[in-house]
J.: 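Quick one: the structure is below, questions incoming.
Here the structure is a predicted model, which is why all the values come from computation and not from measurement.
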Amino acid sequence: MEIKPYIPAEIEPKWQKIWEDTHAFEASTDYSRPKFYGLIEFPYPSGHGLHVGHPRSNTAMDIIARKRRMEGYNVLFPIGWDAFGLPTENFAIKNKVHPAIVTKQNIDHFRTQLKRTGVSFDYTREVDTTDPNYYRWTQWIFLQLYKHGLAYKSEMPINWCTSCKCGLANEEVVGGVCERCGSQVIRKVKKQWMLKITQYAQKLLDGLDTVDFIEKVKIQQRNWIGRSVGAEVDFKLTAGDEKVRIFTTRPDTLFGATYMVLSPEHPLIEKLKDSIVNYDACIAYRNEAAKKSDFERAELAKEKTGVQLEGVKAVNPVNGKEIPIWLSDYVLMSYGTGAIMAVPAHDTRDWEFATKFGMPLIEVVAGGDIQKEAYTDIQDGVMVNSDFLNGMTVAQAKEAIIEKLTELGVGEKKVNFKLRDWVFSRQRYWGEPIPVVHCDKCGIVPVPEDQLPVTLPMVDNYEPTDSGESPLSVMTDWVNTTCPCCGGAAKRETDTMPQWAGSSWYFMRYCDPKATCGIGSKEALDYWMPVDWYNGGMEHTTLHLLYSRFWHLFLHDIGAISAPEPYQKRTSHGMILGENGEKMSKSRGNVINPDDIIDEIGADAFRVYEMFMGAFDQAIPWSTKSAKGCRRFLDRVWRLQENIVDTMDYSDKLNAIMHETIKKVTLDFEAMKFNTAIAAMMTLVNEMYAVGSVTKGELATLLKLLNPVAPHITEEMWELQGLGSGIHHEPWPVWDDAALVKTEVEIAVQVAGKIRGRIMIPADMTKETAEKELVNHPEVQKILAGKTVMKVIFVPGRLVNFIAR
RNA sequence: GCUGAUGUGGUGGAAUGGCAGACACCAGCGACUUAAAAUCGCUUGCUUCGGCGUGCGGGUUCGAGUCCCGCCAUCAGCACCA
C-alpha cells in the first residue's frame, strides 16, 4: 500500500499543539486517583540555551511518566526554573542588562526549546525561583529556620580578591588567583549567615534507610555526612589556665601522642600571645595558610609544613607527659575542634609530619613496622606501651580509655560529623534577600511574615562593591527602613541567599504552585508528596540532595509537611560528553545544540538516540552519525504501514516475540535500561520485516511500547491506522507468560568448561534426567569420543558441562 | 589527597557466576538507478586456523567480563557553579 512519507517537521508540531489544546498532560486535582509524582532537576536557564544533556534526564522521566499515565495513574510531571545565580548576574554586569530581563529571555528560550523535544511536562505548574510569589515562601522557610535556632551569624572565611576587592565564589578562583584579574586570592573572615544542617546530621543519615535511592548515592551521602565515633580530650597547658580540647577517632592511642597540632586559625594562639616566644612566626604562618584552600591543605601527598609554638607545651592527661605544640595547615578549624593530638606511629599524616620534623614515634599498637610507615590497622593490633590498656584489642582499649577519661573529667565520648554547617550568605545582588532587619536597639529582627516578600529592588547598579558588601548595601532607599519591633530606624540585611535556597523546596511548590497562604495547601501536599521518583545528576548527590532533604525534614518537624522524606526514589543519569569524549563546553567548542539535531532528524529520533546511545547511568560521548541510525529505525517503523493484515490478533509467527518484547520493554523501562528496551523493539521490527507483513494488532502493540520514547510518530500512525482518539491514554500492553514457554531449547555442550558444541533438548528436561542421559546424545557422543566422564554439570536452559578424562 | 564510579571489537554498547560482542554506528561488497541519494541484501573481534581474546598481575570456581586480593588508567564531587 502507498503511504505518505514520514516528515517529523510536520507531525511533531501538530501533536504538540493537540496535547496542549486538550490539556493531555496536566495533572488532575482528582485526589481520589492513585498518583505518581515524577521529577527531574529543574534547569538553570543559562544564556547558552539547552544542550543535549538536559533531554537525557527529561526524556527518561518522560518515558516513565507517559508509561504511568497509560497504566492509569494521575501523573504530576512538572517543570520550572532555577533562575537566581551567578552566571546570570555576571552576564548582566558584562552586557549592561538587568538580570531580571536576562532571566526572562533565557526562560522563554529554554521553554521553546524544551517544548520542541515533546516532553509531557505540565507547563501550567511552572515554578520560577525569581518570582516574588515564589521567593516569598523561600523567605518564609528561612524565617522558620531562624525562629527554630537553625539560622545564625558566624565568622567565616571567604575568598577575597586583593585587586577587585570583592568576595569570590570558589569557581571564580582558579589556581589560587582571581579568574577575572589574575590577582592573588586570600581568605578573609566575614560574618555570614549559616544554617545549622549539622543538627540534622543523624536524621539525614537515618532517613537514608527508609528510601529507595541507588546505592552509590546513599554511600556518597553517608560519606559526606561522615559520622565517626571517637572522643574529645582536654589537654592542660604549661602556661595560663587555658585547656585545649582535641577530637580524636583513636582515643585508644592516647599514650602514643608525642605532640599536638593546632589549626593555624585556632583562637588559642591569640589567648596565649604573651606566653608564645615566637608569636610573629606563628602569625606569619597563619597568613601563609590563608592563601590555601582546605582542599589543598588536606592533601596527603603534599609536603607537610608547620611551625612550633615556643614557650608553651601541652600536658597529656593520662600520663602527665609534656608534649610540644605545633601549628600546621593540615589541621582544619572546620573539622572537630581544630586541634589534634598527633600519634605519628598510627596515623599517616602525623607520621609524615613527624618524620619531616624529627618528632618521636611511640608504638602503642603492636603488629606493624612503624619505622617504615604508620600502622593504622584497627582489627588485629594489640595495645602496648599504654599502661592499663596493654594487652587489649583496639576496640577494647577505646572503651576503656573513654571510661577513664570520663571518670577523670578530662574527656568524653563524642560523635563527630564531617558535615559542616551551610554558609547561607552571598554578597550578591541576584538572589533572595534575607528577610531580617538590623536595629540598633533590638538587634536582628525578622521581617514579619505578613510583610513578605522582601522584594529585590529594581535598580541599575548591581555590580560588586569595593567593601565586599552586597551590591544591595549601597541602595540606601532600600536599606534604610524601620524596625518592625520598635518602629525606630533600622537597616535591612543586604546579603542574599545562595542559589541552593530556591532549589531546596521547589518540588513542594509544584504540588500547589499558586498557593498564596503557604508553601502549598495541605490537601495538595498530602496527596502529591513525597516525590515518587526523582532523577538527576550524580553531581548533585552531596549538596543539592542533602540541602533539600534537610529543608524537607525540618518542614516536616514543624508540621508544615506530612511526609518525612521528600524523595521516595532517586536515580542518576550519566553525563553526555562531546564527540571527542570530553565534557561539553563552549570553550572546548564541542557543544551540540538540540535544535540542530531536531531540525535534521526530528524530535522523536533525537529522543530515541538519547535513550539508545548507552547505559543510562554512564557518561557517553555524543555521535551525530549514530543519532541518524535512530532516524532510520523510525523510518522502518513508519514503513511497516505498507503491508498490514487487518486483524487485531497476533500472527503465529510473531506471537512469541510480541510477548517477549512486551515483557522486556516493560521491565527495562522500570529499571531505566532504555538502551536494551529500544534494542528489543529494533529486533522486533527486524523480525516483522523478515515475516513480510504485520497485523494491525502487532503494530498497535509496537506503537504503544514505543510511544513513551517516540510520542509524535506513534500518535500519527495510531491516527492513520484508525486505532482511536489518542495513543497516550491507551492502556499499557500486558504480556502472557504462557506465550513465552518454549518446547525445545538450544544448550551449549562444554568439556571441562570449554565450549565444544550445541544441541537441542526438550525445555522441560530435569537436572536428574539431563545428567544421566545427555551423555548418550549422538552429538555429545561425538564430542566425548574416547573420554571417560567423571562428572556432569547441567544448567537448565543454558549448558551442560562434562568433566572428562 | 579524600569519597564515589568506570575500563569489553574500528566506534557506542549487550551479557541473574553459565554460549562474550545482542542492538546499533562506521567501513567494505552487491542489488536497484543514466547517476547520486534513499532503500534493500550480505560481510565485519584477532588469528600463522592450533587457537587467542573483556585495562594489568594474582586467586576462588566444573566454569569469571561478572566474585576476592594487589596494581594502572580515566571520569565525577570535594561544601560560594548549580
J.: For A:Trp500 and A:Ile803, take the nucleotide of RNA chain B holding the closest heavy atom to each; which residue's nucleotide lies nearer the 5' end?
T.: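 Result: A:Ile803.
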
J.: Round to a whole Å and report the spacing from CD of A:Glu539 to P of B:G77.
T.: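 Going from A:Glu539 (CD) to B:G77 (P), I get 7 Å.
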
J.: Under 4.0 Å between a side-chain nitrogen and a carboxylate oxygen: does that hold for A:Glu771 and A:Lys767?
T.: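 Here A:Glu771 pairs with A:Lys767 in a salt bridge, since their nearest N and O are under 4.0 Å apart.
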
J.: Take the protein atom CZ of A:Arg631 and the nucleotide atom P of B:C25, then report the distance between them rounded to whole Å.
T.: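 Atom-to-atom, A:Arg631 to B:C25, this comes out as 14 Å.
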
J.: Classify the ring geometry of A:Phe669 against A:Phe674: parallel below 30°, tilted from 30° to 60°, perpendicular beyond 60°.
T.: tilted

J.: A:Trp422 side chain: which of B:A79, B:G77, B:C80 is closest?
T.: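 Closest of the options to the side chain of A:Trp422: B:C80.
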
J.: Please report the distance, rounded to the nearest Å, between NZ in A:Lys754 and P in B:U61.
T.: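 The answer, rounded to whole Å, is 17 Å.
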
J.: Think A:Lys196 forms a cation-pi with A:Tyr152, using NZ or CZ under 6.0 Å from the six-ring centre and within 45 degrees of its axis?
T.: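 Yes, A:Lys196 lies over the aromatic ring of A:Tyr152.
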
J.: Can you tell me, in whole Å, how much space there is between the C1' of B:C23 and that of B:G17?
T.: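 24 Å, rounded to whole Å.
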
J.: Any salt bridge linking A:Arg639 with A:Asp635? Criterion: basic side-chain nitrogen under 4.0 Å from a carboxylate oxygen.
T.: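 Looking at A:Asp635 together with A:Arg639, the answer is no, because their closest N to O distance does not fall below 4.0 Å.
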
J.: Determine the Euclidean distance between corresponding C1' atoms of B:G7 and B:G12; express it in Å to zero decimal places.
T.: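 About 14 Å, rounded to a whole number of Å.
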
J.: When syn is taken as a glycosidic angle within 90 degrees of 0, is B:G9 syn or anti?
T.: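 You should classify B:G9 as syn.
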
J.: Please report the distance, rounded to the nearest Å, between CG in A:Asp617 and C1' in B:G4.
T.: 13 Å

J.: Say you pick atom P in B:C52 and the same atom in B:A20; how far apart are they, in whole Å?
T.: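 About 12 Å, rounded to a whole number of Å.
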
J.: Between NZ of A:Lys772 and CZ of A:Phe794, what distance do you get to the nearest 0.5 Å?
T.: 13.5 Å

J.: Nearest to the side chain of A:Trp224, heavy atoms from C-beta on, is which of B:A24, B:A79, B:G77?
T.: B:A79

J.: List for me each residue that meets ring pair (Phe, Tyr, Trp, His ring centres under 6.0 Å) alongside A:Tyr135, sequence neighbours excluded, and say none if there are none.
T.: A:Phe84

J.: Report which part of the nucleic acid A:Asn686 touches: base, sugar-phosphate, or nothing (heavy-atom distance under 4.0 Å, all strands).
T.: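 Result for A:Asn686 = sugar-phosphate.
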
J.: Touch check for A:Gln192, heavy atoms < 4.0 angstrom, all strands: base, sugar-phosphate only, or nothing?
T.: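 The answer is base, as A:Gln192 lies within the cut-off (heavy atoms under 4.0 Å) of a base atom.
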
J.: How would you list, by chain and number, every residue that makes a side chain to side chain contact (heavy atoms under 4.5 Å, CB included) with A:His540, sequence neighbours excluded?
T.: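 Expected list: A:Glu41, A:His544, A:Arg570.
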
J.: Any idea if B:G50 is syn or anti, going by the 90°-from-0 cut?
T.: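 Glycosidic conformation of B:G50: syn.
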
J.: Measure from CD on A:Gln220 to P on B:C75 and round the result to the nearest Å.
T.: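 Rounded to whole Å, this separation is 17 Å.
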
J.: Rounded to the nearest 0.5 Å, what separates atom CG in A:Leu546 from atom OG1 in A:Thr541?
T.: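 Interatomic distance, A:Leu546 CG to A:Thr541 OG1, rounded to 0.5 Å: 9.0 Å.
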
J.: Only Watson-Crick and G-U wobble pairs, only distances under 3.5 Å, only runs of 3 or more: what stems does that leave for RNA chain B?
T.: B:1-7 with B:72-78, B:10-12 with B:23-25, B:27-31 with B:39-43, B:55-59 with B:67-71

J.: Students often get this wrong, so: under 4.0 angstrom with heavy atoms, is A:Ile219 touching a base, only sugar-phosphate, or nothing?
T.: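 Counting heavy atoms under 4.0 Å across all strands, the contact made by A:Ile219 is with sugar-phosphate only.
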
J.: In whole Å, what separates the P atom of B:G65 from that of B:G57?
T.: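 Pairwise P distance, B:G65 against B:G57, rounds to 14 Å.
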
J.: Do the side chains of A:Lys153 and A:Glu493 get close enough for a salt bridge, i.e. N-O under 4.0 angstrom?
T.: yes

J.: Closest approach to the side chain of A:Met682, judged atom by atom: which nucleotide of B:C80, B:A24, B:G4 is it?
T.: B:A24

J.: Say you pick atom P in B:A73 and the same atom in B:U16; how far apart are they, in whole Å?
T.: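 Straight-line distance between the two P atoms is 30 Å.
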
J.: If I take atom OH in residue A:Tyr547 and atom P in nucleotide B:G77, what distance separates them, rounded to the nearest angstrom?
T.: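 About 15 Å, once rounded to whole Å.
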
J.: Determine the Euclidean distance between corresponding P atoms of B:C67 and B:U6; express it in Å to zero decimal places.
T.: 9 Å

J.: Give, for atom CD of A:Glu432 and atom OG1 of A:Thr130, the distance between the pair rounded to the nearest 0.5 Å.
T.: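 Interatomic distance, A:Glu432 CD to A:Thr130 OG1, rounded to 0.5 Å: 9.0 Å.
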
J.: Taking the nucleotide of RNA chain B with the closest heavy atom to each, which residue, A:Asp635 or A:Ile678, is nearer the 5' end?
T.: A:Ile678

J.: Any donor-acceptor pair under 3.5 Å linking the side chain of A:Ser57 with the backbone of A:His54?
T.: no

J.: Relative to A:Tyr567, does A:Arg549 satisfy both conditions: NZ or CZ under 6.0 angstrom from the six-membered ring centre, and within 45 degrees of the ring's axis?
T.: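 No, a cation-pi geometry is absent between A:Arg549 and A:Tyr567.
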
J.: Give each protein N/O atom lying under 3.5 Å from an N/O atom of nucleotides 40-48 of chain B, with the pair distance.
T.:
unit_1 : atom_1 : unit_2   : atom_2 : d
B:C40  : OP1    : A:Arg636 : NH1    : 2.8
B:C40  : OP1    : A:Arg639 : NH2    : 3.1

J.: Taking A:Glu600 first and then A:Lys628, would you say they form a salt bridge - that is, a charged N and a carboxylate O separated by under 4.0 Å?
T.: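 Looking at A:Glu600 and A:Lys628, the cut-off is met.
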
J.: How does protein contact run along nucleotides 7-18 of chain B, one letter per nucleotide 5' to 3', with B for base contact, S for sugar-phosphate only, - for none, heavy atoms under 4.0 Å?
T.: -----BSSSB-B

J.: Specify the separation, in whole Å, of atom CE of A:Met497 and atom P of B:A79.
T.: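 Nearest whole value for this atom pair: 22 Å.
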
J.: Determine the Euclidean distance between corresponding P atoms of B:A15 and B:U8; express it in Å to zero decimal places.
T.: 15 Å

J.: C1' atom, B:C56 versus B:A76: distance in rounded Å?
T.: 24 Å

J.: Base, sugar-phosphate, or nothing: which does A:Ile747 touch, judged by heavy atoms less than 4.0 Å apart?
T.: nothing

J.: Please work out if A:Thr541 contacts a base, only the sugar-phosphate, or nothing of the nucleic acid, heavy-atom cut-off 4.0 Å.
T.: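 Counting heavy atoms under 4.0 Å across all strands, no contact is made by A:Thr541.
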
J.: Just checking A:Lys791: base, sugar-phosphate only, or nothing, at a heavy-atom cut-off of under 4.0 Å?
T.: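 No contact.
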
J.: I'd like to check the ring pair (Phe, Tyr, Trp, His ring centres under 6.0 Å) partners of A:Tyr44; sequence neighbours left out, ordered by chain and number.
T.: none

J.: Does A:Arg420 put a side-chain nitrogen or oxygen below 4.0 Å from OP1 or OP2 of B:A79?
T.: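 Answer no for this pair, as no side-chain N or O of A:Arg420 is under 4.0 Å from OP1 or OP2.
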
J.: Given B:C62, B:C23, B:C25, identify the nucleotide with an atom nearest to the side chain of A:Ala679.
T.: B:C23

J.: Rounded to whole angstroms, how far apart are CD on A:Glu600 and C1' on B:A38?
T.: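 One finds 15 Å between C1' of B:A38 and CD of A:Glu600, rounded.
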
